[in-house]
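Naming convention: chains lettered A, B, ... in sequence-line order (proteins, then strands); numbering from 1 in each chain. Because only heavy atoms are used, hydrogens play no part in the values below, and waters and symmetry mates are left out as well, while side chains stay in.
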Number of protein chains: 2
Amino acid sequence: MPPTQKELAKLAGVSAGTVSNVISGSTNVSDRSRQKVLEAIRVLNYQPNLIARSLKTNRTNTLGIVVPDITIPFFPKIIRGAESAARERGYFLIVLDSESSHTREADMIALLRAQRVEGILLIPAGGERLSPERSASLTSNLPVVCLDRLPADLDVDSVCVDDCGAAEMGISHLMGMGHREIAIITGPLTLHNEQERLRGYRQALKKGGIPVQPSLIWSGSFEQDEVARICQNGLLRPSGRPSALFATNGVTGLAALRSLYAVGLSTPRDFTFATFDELTAEDFFKPGITSVIQPTFDMGYRAVEVLLKRIDKETADGPREKVRLPATLIARESSNTPFYVEPKKNSAAIRKTARAK
Amino acid sequence: MPPTQKELAKLAGVSAGTVSNVISGSTNVSDRSRQKVLEAIRVLNYQPNLIARSLKTNRTNTLGIVVPDITIPFFPKIIRGAESAARERGYFLIVLDSESSHTREADMIALLRAQRVEGILLIPAGGERLSPERSASLTSNLPVVCLDRLPADLDVDSVCVDDCGAAEMGISHLMGMGHREIAIITGPLTLHNEQERLRGYRQALKKGGIPVQPSLIWSGSFEQDEVARICQNGLLRPSGRPSALFATNGVTGLAALRSLYAVGLSTPRDFTFATFDELTAEDFFKPGITSVIQPTFDMGYRAVEVLLKRIDKETADGPREKVRLPATLIARESSNTPFYVEPKKNSAAIRKTARAK
DNA sequence: GAAACGAAATGAGACGTCTCATTTCGTTTC
DNA sequence: GAAACGAAATGAGACGTCTCATTTCGTTTC
């Protein structure tokens, strides 16, 4: 059994209260007593029992983060940022994985609550929703900051990228390269951020005076097979293959690339491509893939800041924070070739690709 | 404040002891009392305070895992396996990141210890070592299972891949394709597993009757710049470029590929390549990269099994377990072209590459 | 040197839970 | 119906820490 303060007190020849005062840094301790206690700590290799302390102080100095799938590289990057901010402020961060299941997510939150964490960072799972009452009760009296994906029906603090604007930037880039037939493939549209990104697509087209074609909106999934099916369907549209494809997240984007490669199409030869998120080892992909990059570290970092503000009694009553961070576009080979459409000769548009060089 | 058992007792009209008996599942409770308590739990939305329970029972049902860098995809996969095994047995898993620093690793372990986790999975940080006494004291009275990287000076339970055998398999594969001048690039050789993989290299060459050339052993690093320097140096050897390169881990392997691409060399055109570990989105790399794949999920899963065996009073005294799991080789385009060496004509070997159609 | 004062030290009590010895209760047996 | 018995319920005490009211101590002041 690890040593306790009582044993320290005995060894140092002072009372247990004095030991506690030394450890918690009270000033009303004489140098002589402090030295004796510190010596005892050294001798017994004492480490405070944080569990007992938490029980008494009702503080755990611990935050929790629940992510949908820790094996998707996007999330560990956010965790890194969150952990950094937490540590700087003297908090621990417990990482849990909901495996993209709302049920499991509820379990994880209940667990963190039972562990008496002081607040939670939540990247909501996709899939089936809990009833609103259920999810409200899960987080009642517990500060929660949502990251990346925002629950439609919950009014909470949140940190994410300016999804609409970021998508618009990506699409504008493609339009700037001369594309007019730009398909978009999304993740599940039950996710709020996916909806926003789709909105950004519409917005960009509108600004560019290009009509939105329903046959170019491929509303998608995170599943490889499903994405493959969607791509196949999309390619079959009567007016032919689009010249460019934009994916609203890295998982779907990678799945789409795989599917298209599988049927013999490659970028940039057969289609121009850009995607949300950095595909891992992106600078190594041949060809390089144009990406809309989210500031993952900052997202985690900022989210902890917002959460701690909510936890702090002084500032807990502030208005809901909705942090929107800007994304960055990195243009690479998959999209940086200008694309020209010849003036219509007959009903079928004729496309040609001209390579600069 | 969340409701307590005392409040439950008041509402249900029974004593606090009975409430506790219901919650902890004792049998000596009448159905009538049990129903009343359960009803009270429902009404108050009671959740047990795990902190208070832990203080009393001296059990936390929590394990910790410390990884060097959660953003390296290899580690989250291990975490997934560990979390799975832990959950099945009713344990929670706290994930911490040592950021490859031994000092920070020590802090993380101290933290977990103060949190009174029941055991630790440790993937040791590289870099500067702590003194043996220090690291021994860190883990005294606390079950620890080391994963992947084994500390040379600590006798602990461990789970890792058969590093030597796995490397031998990779090298044999290259030899089987006709290569005789095979360079190996490693991570820091302070890591035990890197040493073992290098040993596998020597062993494979020995069995194949090929002499080991010091100029083909590029002892390396995880840092991109350092790896680039090492590759450059390696290429300058008097007897010319090796025909094949084997990397002993994914991080170094990816860095090496980048460096070589940067100087205009590509695989498989200019050199044959294989590496430990799956490079993320590997099936998407062009060309596909031959990999020695570690059973990451299983490693995490097995490690928790070993750890729990050590925690369980019944089996805590068993002999040290040294689990060695087999790796798998997946041959892809970067290495699956047979390579022929023409019989020596003069002192300088003439190489030629024949591509099977 | 007694009184006054502030600093230092003490020790009781509590955080929410579980355990276990003790008490209460209901049923069975003769 | 009293005695015996086992099941059910109770309540005191403890886990290790912190807090805070109280006490002790040492120094200063007149």
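The distance from atom CZ of B:Arg53 to atom P of C:dT17 is 8 Å, rounded to the nearest whole Å. When the P atom of C:dG16 is taken as reference, atom CD of B:Gln47 falls 15 Å away, rounded to whole Å. Counting to the nearest Å, the P atom of C:dG16 and the CZ atom of B:Arg59 are 23 Å from each other. Computed from coordinates, the B:Gln5 CD to C:dC15 P distance equals 14 Å when rounded to whole Å. Look at CG on A:Asp31: it is 15 Å from P on C:dA7, rounded to the nearest Å. For the pair B:Ile23 CD1 and D:dA9 C1', the computed distance is 15 Å after rounding to whole Å. Taking atom CG on A:Asn21 and atom P on C:dG11, their separation rounds to 13 Å, with Å as the unit. Taking atom NZ on B:Lys6 and atom P on D:dA9, their separation rounds to 21 Å, with Å as the unit.
A:Arg149 places no side-chain N or O within donor-acceptor distance of the main-chain N or O of A:Leu191, the cut-off being under 3.5 Å.
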*Please report the C-alpha distance between A:Arg80 and A:Glu83 in whole Å, then the side-chain angles of each, then the deciding distance to 0.1 Å, and finally whether the salt bridge (charged side-chain N to carboxylate O under 4.0 Å, His left out) criterion is met.*
CA-CA 5 Å; A:Arg80 260 288 176 94; A:Glu83 214 271 334; over 6 Å; no
*asked:* Please evaluate residues B:Glu7 and B:Lys10 with respect to the criterion salt bridge (charged side-chain N to carboxylate O under 4.0 Å, His left out), reporting the C-alpha separation (whole Å), side-chain torsions for both, the decisive distance (0.1 Å), and the verdict.
replied: CA-CA 5 Å; B:Glu7 294 166 57; B:Lys10 205 162 102 190; over 6 Å; no
*Stepwise, does the side chain to side chain contact (heavy atoms under 4.5 Å, CB included) test hold for B:Leu121 with B:Leu63?*
CA-CA 8 Å; B:Leu121 299 182; B:Leu63 306 176; 5.8 Å; no
*Before giving the answer on salt bridge (charged side-chain N to carboxylate O under 4.0 Å, His left out), spell out for A:Asp155 and A:Lys322 the whole-Å C-alpha distance, their side-chain angles and the decisive distance to 0.1 Å.*
CA-CA 10 Å; A:Asp155 179 37; A:Lys322 312 270 184 196; 3.4 Å; yes
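At the phosphate of D:dA9, OP1 or OP2 sits under 4.0 Å from a side-chain N or O atom of B:Ser30. Distances shown here put a side-chain N or O of A:Thr18 below 4.0 Å from the OP1 or OP2 atom of C:dT10. Contact annotation: B:Ser54 side-chain N/O to C:dT17 OP1/OP2 distance is not under 4.0 Å. Residue A:Thr4 places none of its side-chain N or O atoms closer than 4.0 Å to OP1 or OP2 of D:dG16. Regarding contacts with the backbone of D:dG16, every side-chain N or O of A:Tyr46 stays at 4.0 angstrom or more from both OP1 and OP2.
Looking at A:Glu39 and A:Lys36, no side-chain N of the basic residue comes within less than 4.0 Å of a carboxylate O on the acidic one, giving no salt bridge.
The side chain of B:Ala52 lies closest to C:dT17, out of C:dT17, C:dC18, D:dC18. You'll find that the side chain of B:Asn49 is closest to C:dG16, out of C:dG16, D:dA9, C:dT19. For B:Lys56, the listed nucleotide lying nearest its side chain is C:dG16; candidates were C:dA14, C:dG16, C:dA9. Comparing D:dT19, C:dG16, C:dC18 against the side chain of B:Leu55 picks out C:dG16 as the nearest. Candidate nucleotides D:dT10, C:dG11, D:dG16 were compared by shortest atom distance to the side chain of A:Ser15, and C:dG11 ranks first.
The shortest non-hydrogen separation linking A:Ile94 to B:Ile94 is CD1-CD1, 4.1 Å.
Overall bending of the helix from C:dG1-D:dC30 to C:dC30-D:dG1, expressed as the angle between end axes built from five pairs apiece, is 50° (10° steps).
In this view, A:Phe74 and A:Ile72, A:Ile78, A:Asp148, A:Asp277, A:Gln294, A:Thr296, A:Met299 satisfy the side chain to side chain contact (heavy atoms under 4.5 Å, CB included) rule, not counting sequence neighbours.
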